[in-house]
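A quick write-up on the structure given underneath.
The structure displayed is predicted, hence computed values, not measured ones. What you see below is based on every heavy atom in this structure, not just the backbone, and it leaves out hydrogens, waters and symmetry mates. Both counts, for ligands and for their atoms, begin at 1 and track the order of listing.
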Amino acid sequence: MNQLDQYRHQINQLDAQIIPLLEQRFATADAIANYKAVHDQPIYDPQREEAVYTRLKEVATHQDLLPYLSTIYQTIMQTTKNREQQKQEDLNHD
Ligand SMILES: C=C(O[C@@H]1C=C(C(=O)O)C=C[C@H]1O)C(=O)O
């Protein structure tokens, strides 16, 4: 294996850890969306999203990566909300 292949192997292994964690995050967001539906609460919670960004700053060990991590979290949270919205619409149309 040349150096490039070794690095890519390392990325594959990291992705194999990240993907199941993202799957768990979506599953937990499903549970939250169900709770919110039962308790008549909106899917979007800006205060909670601010708290997620604050925690990101606390947890990140490479502060120079924060803008990039923030972009990733924007996408994760937007995707989560889109998915939960879609699931609710599907349920309402059944
Ligand atoms: C999952 C939630 O719902 C939405 C999605 C969030 C997320 O993906 O972290 C955060 C806040 C909400 O806009 C939640 O309220 O915790």
message = Determine whether a donor-acceptor pair (N or O, by modelled atom type, separation under 3.5 Å) exists between the side chain of Gln6 and the backbone of Met1.
response = yes
note = Closest to atom 4 (C) of ligand 1 (heavy atoms only, candidates Ile32, Thr28, Asp30, Ile43) is Ile43
ask   = Taking the minimum heavy-atom distance to atom 13 (O) of ligand 1, which of Gln78, Glu50, Glu49 ranks first?
value = Glu49
message = Looking at Glu50 and Arg55, is any side-chain nitrogen of the basic one under 4.0 Å from a carboxylate oxygen of the acidic one?
response = no
query = Passes salt bridge (charged side-chain N to carboxylate O under 4.0 Å, His left out), Asp45 versus Lys36? Steps please.
reply = CA-CA 11 Å; Asp45 183 340; Lys36 287 177 176 175; 5.1 Å; no
query = In Å and rounded to the nearest 0.5 Å, what is the NZ to CD1 distance from Lys87 to Ile43?
reply = 10.5 Å
query = Of all the non-hydrogen atoms in the protein, which one sits nearest to atom 15 (O) of ligand 1, and at what distance?
reply = Lys36 NZ, 2.6 Å
note = If you compare Met77, Gln41, Arg48, Glu84 by their heavy atoms, the one closest to atom 7 (C) of ligand 1 turns out to be Met77
task = Could you go through the side chain to side chain contact (heavy atoms under 4.5 Å, CB included) check for Gln85 and Tyr44 one step at a time?
result = CA-CA 9 Å; Gln85 196 70 52; Tyr44 176 47; over 6 Å; no
message = Distance under 4.0 Å to a non-hydrogen atom of Asp45: what atoms of ligand 1 satisfy this?
response = 11 (C), 12 (C), 13 (O)
ask   = Near Tyr44, which atoms of ligand 1 are under 4.0 Å from a heavy atom of that residue?
value = 13 (O)
query = Will you find, in the side chains of Gln78 and Asn82, an N or O donor that is under 3.5 Å from an N or O acceptor?
reply = yes
query = Looking at atom 9 (O) of ligand 1, what's its closest protein heavy atom, distance included?
reply = Arg25 NH2, 2.8 Å
remark   = Thr80 heavy atoms within 4.0 Å reach ligand 1 at atoms 8 (O)
